[in-house]
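Step one of this worksheet: look at the structure below.
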Amino acid sequence: MKIGTLGAGTIAQAIARHAIRHGHEVVLSNSRGPASLAPLARDLGARAAAATPAEAVAADLVVLAVGWPQVPDVAAQLPSLDGTVVIDATNQFDSPSPNAKIADLGDLTGSEYVASLLPGARVVKAFNALFAQFIAPDPRHEAGRQVLFLAGDDADAKNTVKGLASQFGFAPVDLGTLREGGRLIQLGGPLSGLHALKQD
Ligand SMILES: NC(=O)c1ccc[n+]([C@@H]2O[C@H](COP(=O)([O-])OP(=O)(O)OC[C@H]3O[C@@H](n4cnc5c(N)ncnc54)[C@H](OP(=O)(O)O)[C@@H]3O)[C@@H](O)[C@H]2O)c1
């Protein structure tokens with residue numbers, strides 16, 4: 001697959017490294033432009049490239065990994081996403097400050113809000129509930145595979161993400177819809193930050 005990233009920081013890079021290790025291509029993007037990502041792309045090797053956000057979403061699958069306050073800004077730059085699978089790895093911190101609060105979205109879960117900003121996208125919430133240090137390394141441990149919770153409204157899109165996560169070595173666990181499962185794994189939910197291993 002070709003995987004596009006919106007954001008090229010800690011989480012995008014962790015997912016990019018897994019993807020490249022398993023033979024996928026990665027197109028990274030940020031707000032400062034492809035030239036700012038050239039050293040990172042070089043470090044990631046021949047299967048990595050840098051582009052604008054609008055170019056990155058032409059990939060087969062897209063990873064949204066920007067800070068929550070930047071989500072509307074990045075969404076506004078994108079062409080319509082006609083069925084593209086978007087992994088929403090964001091957590092709805094209302095600011096980058098250490099005193100950040102959970103953004104108030106009324107009745108919506110975080111990923112329902114994200115989906116409302118990305119018309120046509122098939123949004124799957126995943127990778128948000130794990131701290132980066134549990135995403136970056138090989139998720140296969142002696143005691144079991146790192147559990148990766150996910151949620152989404154489109155079964156095919158979830159299968160795509162489950163397949164990718166399994167290939168990386170995670171143990172994907174489908175929690176249902178963006179409304180029900182998304183609520184469990186989003187910031188403030190009971191499974192947010194829960195790090196578990198699944199024995200095979
Ligand atoms: N770190 C964790 O442990 C962790 C774990 C799970 C989920 N998350 C969530 O994942 C998301 C990303 O976290 P992170 O730790 O990877 O953050 P990060 O390291 O700060 O990376 C954020 C990236 O977004 C880019 N960016 C900012 N504004 C943008 C815009 N308008 N358009 C495109 N790119 C933009 C930044 O690059 P420029 O500033 O150069 O544009 C940067 O590459 C957050 O929502 C976070 O809550 C984090």
Side-chain angles (χ1 to χ4, degrees), residues 3-19 26-44 48-59 62-79 81 86-103 105 109-115 117-118 121 123-137 139 146-151 161 165 168 170 172-173 175 178 181-182 184-189 191-196:
I3 297 174
T5 73
L6 299 167
T10 307
I11 298 304
Q13 288 181 38
I15 295 172
R17 288 185 195 279
H18 284 300
V26 172
V27 181
L28 303 148
S29 75
N30 65 1
S31 70
R32 289 175 298 136
S36 70
L37 292 170
L40 173 62
R42 261 198 306 279
D43 180 49
L44 289 172
T52 64
E55 290 162 348
V57 296
V62 171
V63 177
L64 175 64
V66 300
W68 182 259
Q70 284 75 52
V71 170
D73 177 51
V74 71
Q77 301 171 44
L78 305 178
L81 299 176
V86 175
I87 295 178
D88 174 18
T90 64
N91 285 310
Q92 62 224 56
F93 286 110
D94 65 354
S95 81
S97 118
N99 302 319
K101 297 193 173 54
I102 301 177
L105 304 174
T109 61
S111 285
E112 287 177 312
Y113 174 76
V114 165
L117 298 181
L118 299 176
V123 174
V124 178
K125 191 163 194 72
F127 291 100
N128 69 295
L130 294 174
F131 295 154
Q133 62 265 38
F134 294 92
I135 298 175
Q146 185 75 53
V147 168
L148 183 89
F149 294 117
L150 61 95
V161 176
F168 293 175
F170 292 92
V173 174
L175 297 171
L178 292 182
L184 297 175
I185 46 172
Q186 72 180 17
L187 207 56
L191 302 180
S192 169
L194 180 83
H195 298 96

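Computed from a predicted model, the values in this text were never measured in an experiment. Order of appearance sets the numbers: ligands from 1, and atoms from 1 within every ligand.
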Heteroatom distance test ([X], ligand 1): nitrogen or oxygen, under 3.5 angstrom:
| X | value |
| --- | --- |
| Ala8 | yes |
| Ser29 | no |
| Ala132 | yes |

Which of the numbered atoms in ligand 1 are under 4.0 angstrom from any heavy atom belonging to [X]?
| X | answer |
| --- | --- |
| Ala65 | 11 (C), 12 (C), 22 (C), 23 (C), 24 (O) |
| Asn128 | 6 (C), 7 (C) |
| Thr90 | 45 (O) |
| Val74 | 32 (N), 33 (C) |
| Leu130 | 5 (C), 6 (C) |
| Gln70 | 27 (C), 28 (N) |
| Arg32 | 38 (P), 40 (O), 41 (O) |
| Gly7 | 23 (C), 24 (O), 25 (C), 34 (N), 43 (O) |

- For atom 45 (O) of ligand 1, is the nearest protein heavy atom under 4.0 Å away? yes
- 4.0 Å protein heavy-atom contact status of atom 24 (O) of ligand 1, strictly under: yes
- Message: As a quick check of understanding, evaluate side chain to side chain contact (heavy atoms under 4.5 Å, CB included) for Leu28 and Leu44, giving each step before the final call.
- Response: CA-CA 10 Å; Leu28 303 148; Leu44 289 172; 3.6 Å; yes
Shortest protein contact, [atom] (heavy atom only):
| atom | result |
| --- | --- |
| atom 9 (C) of ligand 1 | Ala89 O, 3.2 Å |
| atom 41 (O) of ligand 1 | Ser31 OG, 2.4 Å |
| atom 11 (C) of ligand 1 | Val66 O, 3.3 Å |
| atom 4 (C) of ligand 1 | Ile11 CD1, 3.4 Å |

Kindly indicate whether the side chain of [X], heavy atoms from C-beta on, has any atom under 4.5 Å from the side chain of [Y].
| X | Y | value |
| --- | --- | --- |
| Asp43 | Arg17 | yes |
| Pro172 | Val161 | no |
| Leu187 | Trp68 | no |
| Val71 | Val66 | yes |
| Leu148 | Phe127 | yes |

- Given side chain to side chain contact (heavy atoms under 4.5 Å, CB included), test Val123 with Leu178 step by step and report yes or no. CA-CA 8 Å; Val123 174; Leu178 292 182; 4.3 Å; yes
- Item | Test side chain to side chain contact (heavy atoms under 4.5 Å, CB included) applied to Leu6 and Ser29, step by step | CA-CA 5 Å; Leu6 299 167; Ser29 75; 3.7 Å; yes
- Identity of the nearest option to atom 21 (O) of ligand 1, non-hydrogen atoms only, from Ala56, Gly9, Pro53: Gly9
- Message: Quick test of your reading of the structure: of Asn30, Thr10, Leu6, whose heavy atom lies closest to atom 36 (C) of ligand 1?
- Response: Asn30
- Item | Donor-acceptor contact below 3.5 Å, side chain Asn91 vs main chain Phe93 | no
- Message: Heavy-atom distances under 4.0 Å decide this one: backbone, side chain, both or neither, for Asp73 against ligand 1?
- Response: side chain
- Query: Can you tell me how far the CD atom of Gln92 sits from the CD atom of Gln186, to the nearest 0.5 Å?
  - Reply: 4.0 Å
- Query: After noting the C-alpha distance and the side-chain angles of Ile15 and Thr5, does the key distance pass the side chain to side chain contact (heavy atoms under 4.5 Å, CB included) rule?
  - Reply: CA-CA 9 Å; Ile15 295 172; Thr5 73; over 6 Å; no
- Listed by chain and number, what are the side-chain contact (heavy atoms from CB on, under 4.5 Å) partners of Ala19, not counting sequence neighbours? Ile3, His24, Val26, Phe168
